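Written below as structure tokens is the structure these notes are about.
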Amino acid sequence: MNIGILYSNMKRIRSNISRGSAEVAILALLAEQSLYGFEISRRIEERSQGALRFTLASLYPMLYDLEKRGLVKSRWETNSAGRDRRYYSLTASGKKELQPLRREWNSFFQALDRLAGVTRA
Amino acid sequence: MVRKRMGNVGVTSAQQDEIVAELASHLEDLYEKQLEGGSGEHEAVARVLGELTEGRRLARNIRRATHEEDEMNDRTRRFWLPGFVSLTAANLLLMLLQRTVFPLSVFRAGSVVMAQYVPLLVAAPLFGATGAYLSHRAGGGRLACLGAGLFPLTAMVGTICVLALTGNFRLAAPLPFHFAIALLFGVMLPGAALLLGVLPFLKASKPMIPTRN
């Protein structure tokens with residue numbers, strides 16, 4: 001097989017996995033409570049012990065995309081310090097979407113575990 | 001600084017302001033977090049600036065996130081539709097002029113005779129403005145407004161190209177001269193007139209992200 005194509009496919013697969021996992025992480029977090037961008041990023045980094053880290057260029061486009069797809073909605077709020085922040089929360093569609101996503105990722109990791117023993121590594 | 005690094009992401013200025021405000025707020029939080037975490041000021045600033053080194057990628061990703069699905073529809077709404085409305089209006093007026101009262105004004109340059117509808121030329125800024133306005137209203141940026149406003153020229157350019165290719169500039173003067181005259185009076189002059197109508201709309205920008213509640 002052409003190495004270039006293989007590499008390109010691997011990159012695409014990795015990118016899709018990365019994007020999918022980031023989406024499910026955001027949706028799962030917003031299922032608990034409404035959060036603003038920085039807090040989403042901070043909590044994901046903290047809970048994943050630094051394994052998942054967002055940059056501006058990855059977090060906000062993803063939030064706008066989720067909003068466009070109707071999975072999250074946003075509203076601006078001013079905090080006690082007078083700072084405006086855009087809070088994101090899960091919509092009914094987002095809640096509905098999250099359940100099958102969780103199942104899919106669970107199946108994916110179980111399959112990967114059977115294949116490569118990744119969770120025991 | 002956020003605005004400068006990110007550039008235009010193809011949304012309305014109000015929506016761009018919201019995005020910039022949101023990103024700036026994120027960077028302020030990041031800066032404070034760095035200081036709280038024991039970083040020095042220089043280190044904190046460097047960390048914040050590090051986020052902005054991906055300004056182009058950020059703008060591209062935001063543009064993609066907000067536009068991708070509707071790209072074709074947007075192009076239709078912001079360019080093709082206003083352009084064809086402008087072109088149709090110009091052609092309808094031309095047809096009306098040919099069949100009704102306005103006389104054909106004739107321009108002579110040596111042996112070359114060019115027919116030019118002065119009323120059509122006078123009305124051209126209105127057609128340019130119509131195309132640009134419709135594009136602007138649909139959220140078209142500068143390029144879309146310009147393209148939609150100047151769209152009636154495509155008919156003239158097409159006609160001149162066909163005439164040139166088929167050798168139908170059958171007049172006494174040499175072909176390049178006829179071609180230049182045709183370009184001047186068939187494209188450049190109407191183009192300038194259309195542009196007059198387009199100019200007020202060239203500061204346009206496009207909406208996409210939901211506005212602040």
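Sequence lines set the chain letters: A, B, ... in the order given, protein chains first and strands last, and positions in each chain run from 1. Below, each value reflects all heavy atoms present in this structure, side chains not excepted, and no hydrogens, waters or symmetry copies. The model shown is predicted, which means the values in this text are computed figures rather than measured ones.
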Heavy atoms of other groups near A/Q49 CD, more than 12 under 6.0 Å: no
For A/L56 against B/L58, the heavy-atom pair lying closest together: O-CD1, 3.4 Å
Exceeds 12 heavy-atom contacts within 6.0 angstrom, atom CG of B/L184: yes
A/D65 side, atom CG; B/I62 side, atom CD1 - distance, nearest 0.5 Å: 12.0 Å
Pair A/R83 + B/E22: basic N to acidic O under 4.0 Å: no
Charged N-O contact under 4.0 Å between A/R85 and B/D29: yes
More than 12 heavy atoms from other groups under 6.0 Å of OH on B/Y133: no
Exceeds 12 heavy-atom contacts within 6.0 angstrom, atom NZ of A/K96: no
Shortest non-hydrogen contact between B/N61 and A/P61, atoms and distance: CB-CG, 3.3 Å
Distance (rounded to the nearest 0.5 Å) between B/L30 CG and A/S41 OG: 8.0 Å
Contact class of A/L66 relative to chain B, heavy atoms under 4.5 angstrom: neither
A/Y60 and B/H26 aromatic centres sub-6.0 Å: yes
